[in-house]
Every structure is written in structure tokens, then in C-alpha cells.
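These notes concern the structure reproduced below.
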Amino acid sequence: MTVVSIITPSYNQAAYLEQTINSVLNQDYSNIEYILIDGGSTDNSVEIIKRHANRFAYWVSEKDSGQAEAINKGFAKATGEIIAWLNSDDYYLDGAVSAAVKVFDENPDIVLVYGNMLAVDENGKTFNTLNYKQLSLEDLLCFQIIGQPAVFMRRSALQKTSGLDSTFHFLLDHHLWIQLAQLGGILHVPQTWAAARYHAEAKNRAKAAEFGREAFRILDWAGNDKSLAPILNRVSRRARAAANRVDSRYQLDGGQSWSALKAWFRALTIHPPTALARMNILGSILLRLMHLDQLRELILQNRKNRYK
């Protein structure tokens, strides 16, 4: 029976950690090697971890440099043929692991599989379903994003990459997906496997404006990679526009409305279809600039209400 290694990096998220752990331990797949790497939490995370200590293959609580180092530590401990990581504020849905194993068994040439994902708030209330599509390496270079909690990888392929780059803090997963997509096929499965939690302390909200800088760093890295550069050149305008669109979206989340607007229009001038595909970003920017945030919140609330 295939061993699946799951790594949870954790730091001061005791409010969510129990649900994350239980979502792994309560899977219907029995051959899970669960590894938890805590960064020296000062809340009651360690108490929660100790309650489940006999179910972990390995756990530690010690200071580290951040998420990438914690996950890389987990990668080094993992022995499973399939590997995933699940952050301490996210959780798996029932049957996710067994479904992923089945896909790998049926597709021996695939190095990465990914499902769909729920977006939930701090209370675990679903407010959106993130349905992805089948992506190519070119799509990844153009910042078509995969929901990280719903991703599973072959360890044999992961070991051929450089792992997570600790100098990235926001798009570190996307950087890794690009490396993996160079090694074999990636496959989307139209099933919902995980939930990602959006809350004020999450880095995708707390430091949103820094995402864009990392998008441009990925473009520079790919452009200097001898195997990626020819692929990037084929989609250069689309990729540069997409990086600006990513910057626009996260500048908006970070409260930088004018910077967000400038980034969106840069995307428009570089490759109009890429900008126009996300007119909702422009709409949200304009509502904020016109001090109509309440209208935007009403729109978002109506979307939330669909999931009641």
C-alpha cells in the first residue's frame, strides 16, 4: 500500500491547528506518515500537538526561519512515495488522500495532481469554491495559480528539484510547481479535496502587497534558466501581464488602491486579454477608490450567502 507523507508546518495557530490535524488523522486512507514541524510556537500549539503525538511519524517544535525551512525539514524526514503539505490553518476534506493515491496509481507518468478547493473564513464558513482547470507549464509561467492545500506530489520528482526556496515567502509553492512541471505531467482532478482558510493573520492578507514582487522574481528566475527561458519567451507578453495582474490583485488586498490600478493598467497595455480576463479586479479597485467599499462588501456577502 502506497505510503503518503503529509507535512504540516505550524507556528502560533492553535485556533486552527486541531482541525488541521484531525483532517489528516481522520482520512479513510490508513497508510499516512504524518509529520508536524512547529516553529517554536508560544501559544498552546505544542499542547495540541502533544495530544496527538502517538499518531505522528515525527514532530518537533523549534525555531526556524519560516515556512519554507519548516516544510523542507518535513520533506527531508518523509519516506512516502507521495508527498503533500497542509498548512496549520487549512484542512483536508474526507477522502482526499485516497482519491489522490488512486489518481497516481492510474497515471504513472504524472508527477503532481491537484484538486479543487474551498475558501473558508476564520470560523470555517465556506464563502467560495475554487474550481481550477488543467494547466500546462506555460500556464504556470503565466501565473495560473493552483490551490496548494489540494496538491499531492511524487517524492521521486520532488527529490529532483531544489525544494522550497527559503527566499520566497508567498509564491514559494508556485515556484516549486514550475520545477515539478518540468519533470513530468501535472493533472487536475475535478474533485474538491481541501479547504484554505482566509483570515486577517494569514500572510495572503497580512502582507498581500509583497506577492507581486515575488511574481516578478519568478519571471527573472525563469528567464535565466536555460530550459525554461525558451518556454517563457513563447509567452513573454502574457507572462509579464499576468505578473502585473497578480501584483494588482494583491496590492488591492493590501489596501494600496492606486498601486493596484497602475498595475492592472500595466497588464492591460502589455497583453490586454490577460488583464480583461479579470475585470473583477478592476471593478473592486474602482469601488474602493470611489469609497464604495460597502457595495463591494455587499457583493462579497451575497456570494457568502450562497453557501449557507
Side-chain angles (χ1 to χ4, degrees), residues 1-2 4-6 19-20 23-24 26-32 80-87 89-121 124-155 157-158 171 173-198 204 235 238 242 245-246 249 273-274 277-281 300 302-308:
M1 191 178 191
T2 302
V4 179
S5 298
I6 296 172
Q19 184 177 19
T20 300
S23 80
V24 176
N26 293 336
Q27 287 290 307
D28 62 2
Y29 191 82
S30 60
N31 210 7
I32 293 176
E81 297 168 52
I82 297 170
I83 293 184
W85 84 83
L86 185 69
N87 293 327
D89 49 357
D90 301 330
Y91 57 89
Y92 285 132
L93 303 186
D94 293 343
V97 176
S98 57
V101 171
K102 183 174 185 290
V103 175
F104 277 114
D105 287 345
E106 294 173 349
N107 298 274
D109 296 330
I110 295 301
V111 299
L112 180 151
V113 301
Y114 59 103
N116 297 329
M117 191 174 75
L118 301 178
V120 303
D121 64 16
K125 179 183 176 183
T126 301
F127 63 86
N128 199 10
T129 302
L130 303 175
N131 296 316
Y132 300 101
K133 62 181 182 179
Q134 180 61 46
L135 300 177
S136 65
L137 177 55
E138 288 185 355
D139 292 327
L140 294 178
L141 288 170
C142 294
F143 299 97
Q144 295 292 304
I145 301 298
I146 296 172
Q148 174 273 313
V151 171
F152 294 82
M153 306 164 279
R154 286 196 195 275
R155 184 163 67 100
L158 178 64
L171 291 175
D173 51 355
H174 195 74
H175 183 248
L176 180 60
W177 309 155
I178 293 171
Q179 294 181 66
L180 286 164
Q182 292 178 268
L183 300 171
I186 66 173
L187 182 65
H188 173 245
V189 180
Q191 301 170 4
T192 305
W193 285 349
R197 196 183 304 269
Y198 293 77
N204 58 352
V235 292
R238 179 182 161 207
R245 192 180 72 182
V246 168
R249 178 260 171 102
T274 294
R278 291 297 304 273
M279 285 293 293
N280 61 313
I281 296 175
L300 294 175
N302 284 335
R303 187 172 69 180
K304 280 187 179 185
N305 290 340
R306 288 186 298 159
Y307 292 91
K308 282 189 177 178

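Positions are given from 1 along the sequence.
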Look at the side chain of [X] and the backbone N and O of [Y], then say whether any donor-acceptor pair between them is shorter than 3.5 Å.
X: Arg155; Y: Ile83; answer: no
X: Arg278; Y: Arg245; answer: no
X: Asp90; Y: Leu86; answer: no
X: Gln27; Y: Ser98; answer: no
X: Gln179; Y: Leu158; answer: no

Between atom [atom1] of [X] and atom [atom2] of [Y], what is the distance when rounded to the nearest 0.5 Å?
X: Gln191; Y: Lys102; atom1: CD; atom2: NZ; result: 8.0 Å
X: Met153; Y: Tyr114; atom1: CE; atom2: OH; result: 14.5 Å
X: Asn128; Y: Leu118; atom1: CG; atom2: CG; result: 9.0 Å
X: His175; Y: Asp173; atom1: NE2; atom2: CG; result: 11.0 Å

Considering only heavy atoms from C-beta outward, does the side chain of [X] approach that of [Y] to under 4.5 Å?
X: Asn31; Y: Val101; value: no
X: Val120; Y: Tyr91; value: yes
X: Ile32; Y: Val97; value: yes

Could you pull out all donor-acceptor pairs under 3.5 Å where a side-chain atom in residues 138-152 meets a protein atom, sequence neighbours excluded?
{"unit_1": "Glu138", "atom_1": "OE2", "unit_2": "Arg234", "atom_2": "NE", "d": "3.1"}
{"unit_1": "Glu138", "atom_1": "OE2", "unit_2": "Arg234", "atom_2": "NH2", "d": "3.2"}
{"unit_1": "Asp139", "atom_1": "OD1", "unit_2": "Arg238", "atom_2": "NH2", "d": "2.7"}
{"unit_1": "Asp139", "atom_1": "OD2", "unit_2": "Ser136", "atom_2": "N", "d": "2.9"}
{"unit_1": "Asp139", "atom_1": "OD2", "unit_2": "Ser136", "atom_2": "OG", "d": "3.2"}
{"unit_1": "Gln148", "atom_1": "OE1", "unit_2": "Asn87", "atom_2": "ND2", "d": "3.2"}
{"unit_1": "Gln148", "atom_1": "NE2", "unit_2": "Trp85", "atom_2": "O", "d": "2.7"}

